[in-house]
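Read the structure below first, then the notes.
Throughout, a chain's letter reflects where its sequence line sits, starting with A, and its residues are numbered from 1. Being a predicted model, the structure only gives us computed values, none of them experimental.
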Amino acid sequence: MKTINLIKLTAAGILTATLAMQAQAHRAWILPSSTVLSGDSPYVTFDAAISNTLFFPDHFAMNLDSVKAFGPNGEAVELLNPAKGKYRSTFDIQLKQEGTYKLATSGGGLRAIWEDEDGKRKMWPGRGQSAPDSDFATAVPKNANKLRVSRSYRRIETFVTLGAPTNEVFTPTNQGLEMVPLTHPNDLYAGEEATFKLLIDGKPAKGAKIEIIPDGVRYRDQQNEIKLTANEKGEFVVAWPTAGRYFLEAEYEDDQVAAPATKRSGSYAVTFEVLPM
Amino acid sequence: MKIPKRFLFASVLFTALTANANSKELALTINIPQLNVAEYHSPYLAVWVESEARKSTQIAIWYDVNMADNEGQEWLKDIRQWWRRGGRSLELPYDGLTSATKGPGSHQINIDLNADNLKALTPGNYKLRIEAAREVGGRELIELPLTLPLDTSILPISKSGKSELGEISLSLLNKEL
């Protein structure tokens with residue numbers, strides 16, 4: 001009797017755990033060792049991973065091929081000592097110039113999902129892959145069953161600053177969902193408010209959904225997420241409850257898109273560090 | 001904002017009079033406590049005057065000035081509030097502000113209110129902020145009120161830190177006027 005109960009309990013536990021895992025999407029992040037720096041050409045080392053538990057590498061290492069670093073003047077900065085492990089990738093950059101640096105990986109374009117004659121789900125480009133829009137016509141059958149075409153972009157960023165913060169790296173590319181900070185992301189303090197603006201293809205991303213999760217999820221039972229919605233101007237305000245690292249993720253979707261797509265969507269994620277006052 | 005001319009005149013006259021009365025220096029005494037820790041480094045320390053609009057006027061910065069390759073500058077950002085309130089915007093070397101770090105004991109900084117940068121401050125309420133950050137240790141920030149033109153009625157004033165700073169006191173420097 002006891003044994004059966006235990007099995008039942010365990011089964012229920014596993015089921016709950018599985019559901020929870022599914023509900024909680026994997027998060028891709030780039031985590032800097034420091035965000036606020038002083039001194040003579042210091043280095044910052046970064047971890048980059050796709051994990052279930054925030055800032056603990058436990059799933060996949062991020063592919064560094066598409067990770068780029070930009071200096072305060074907007075020019076590319078070399079990634080040093082890049083390495084890909086099982087669960088995380090690492091690299092360094094040297095801050096030779098004063099100001100704010102951006103680390104970013106982005107990608108996207110047309111995407112299609114459909115069913116083939118056997119009712120099997122097809123996808124273009126394949127999962128985790130990318131393909132130029134020009135391949136669409138040849139790669140996706142025109143009258144495919146349950147064909148859905150979207151134009152979607154994703155972007156993952158973080159920022160570090162040597163000396164006084166600068167704003168050149170925030171110039172948007174006007175493609176996909178992007179963030180333009182009104183409060184500098186390397187000037188965030190617990191107990192203060194910060195304002196950010198989201199753009200979709202360069203226009204205010206009105207109604208974008210934002211979720212902010214503090215670091216240390218492994219050591220608590222809840223995500224403690226902060227949920228926000230961007231206003232008419234695409235802006236939102238965050239009141240930082242405590243110092244620490246934060247993961248911010250924003251999603252936007254509408255139908256303002258040219259054919260063959262019927263949906264446009266963008267996702268944006270950024271790692272912040274909030275310092276104590 | 002419109003101010004009647006006669007008031008303006010009166011306030012200019014008033015400033016002139018008080019400025020004269022303020023040809024004084026302040027003595028800021030900073031006690032750095034002896035700490036019983038395995039690895040001790042003298043703290044980095046910054047002193048600045050901050051206006052209500054958070055504009056900073058630098059008074060002093062103590063850090064590892066003599067390390068090779070300016071390595072001591074790497075930890076300046078750990079004086080966190082100071083770094084934010086002007087440290088990060090200063091041009092190195094911090095002319096006239098910089099000293100080497102100082103160990104446990106009592107240290108005095110003379111603040112000449114007639115120095116150019118302080119003389120330029122508009123009348124109002126300020127904070128004198130003292131922040132210490134120690135390598136492999138903690139950080140502490142202490143503030144003392146300061147009114148300009150100098151309100152001597154609150155002097156001497158002192159406050160005690162709890163961890164990285166001991167007693168901090170501000171008084172008129174005993175000097176013949």
Side-chain angles (χ1 to χ4, degrees), chain A residues 32-46 71-72 80 92-102 158-170 181-195 238 240 242-246 272-277, chain B residues 41 43-46 48 50 53-56 58 61-94 97-98 101 127 129-143 161-165:
Chain A
S33 57
S34 309
T35 57
V36 173
L37 294 108
S38 60
D40 223 356
S41 302
Y43 289 84
V44 180
T45 187
F46 296 83
L80 306 169
D92 306 331
I93 64 167
Q94 188 178 19
L95 315 184
K96 290 181 184 169
Q97 260 190 308
E98 295 236 326
T100 300
Y101 292 67
K102 174 166 85 175
T158 194
F159 305 94
V160 300
T161 296
L162 170 64
T166 56
N167 295 313
E168 283 75 9
V169 290
F170 305 130
L182 303 180
T183 306
H184 196 286
N186 293 142
D187 202 16
L188 306 177
Y189 290 82
E192 289 189 357
E193 285 186 344
T195 307
V238 191
W240 304 107
T242 51
R245 287 151 159 176
Y246 286 82
F272 286 138
E273 185 175 40
V274 175
L275 297 175
M277 281 291 268
Chain B
H41 302 270
Y44 276 30
L45 185 138
W48 73 102
E50 195 170 305
R54 292 183 174 156
K55 204 180 164 305
S56 298
Q58 305 298 330
I61 169 75
W62 300 350
Y63 75 101
D64 280 331
V65 279
N66 294 322
M67 282 176 83
D69 302 324
N70 296 324
E71 243 179 79
Q73 294 168 12
E74 198 180 329
W75 314 107
L76 284 172
K77 44 98 183 160
D78 291 339
I79 321 172
R80 234 161 19 222
Q81 280 304 309
W82 170 77
W83 187 245
R84 186 187 195 196
R85 301 291 177 219
R88 66 191 183 188
S89 304
L90 290 179
E91 289 284 337
L92 280 159
Y94 309 134
L97 302 173
T98 309
T101 56
K127 287 173 193 165
R129 307 185 91 181
I130 300 102
E131 185 177 20
R134 185 166 49 89
E135 193 180 340
V136 215
R139 184 190 73 110
E140 189 161 33
L141 175 65
I142 285 191
E143 12 180 275
K162 292 187 178 72
S163 53
E164 301 299 328
L165 290 166

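Contact of B:Asp78 with chain A is not made at all, since no heavy-atom distance falls under 4.5 Å. Using a 4.5 Å cut-off between heavy atoms, B:Trp83 contacts chain A through its side chain alone, with no backbone atom that close. Contacts of A:Leu37 with chain B are made by backbone atoms alone, with heavy-atom separations under 4.5 Å and no side-chain atom involved.
Expressed to the nearest 0.5 Å, how far CD of B:Glu74 lies from OH of A:Tyr43 amounts to 11.0 Å. To the nearest 0.5 Å, the span separating CZ on B:Arg80 from OH on A:Tyr189 amounts to 8.0 Å. Once rounded to the nearest 0.5 Å, the distance linking CG of A:Leu275 with NZ of B:Lys77 reads 9.5 Å.
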(request) Report the C-alpha separation of A:Asp187 and B:Arg84 in whole Å, then their side-chain angles, then the decisive distance to 0.1 Å, and conclude whether the side-chain contact (heavy atoms from CB on, under 4.5 Å) test is met. (result) CA-CA 8 Å; A:Asp187 202 16; B:Arg84 186 187 195 196; 3.0 Å; yes
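Residue A:Asp40 comes nearest to B:Asp69 through the heavy atom pair OD2-O, 3.9 Å, listed as atom of the first residue, atom of the second, then distance.
Here the side chain of A:Ser38 pairs a donor or acceptor atom with the backbone of B:Leu76 at under 3.5 angstrom.
B:Arg88 places a side-chain heavy atom less than 4.5 Å from the side chain of A:Pro165.
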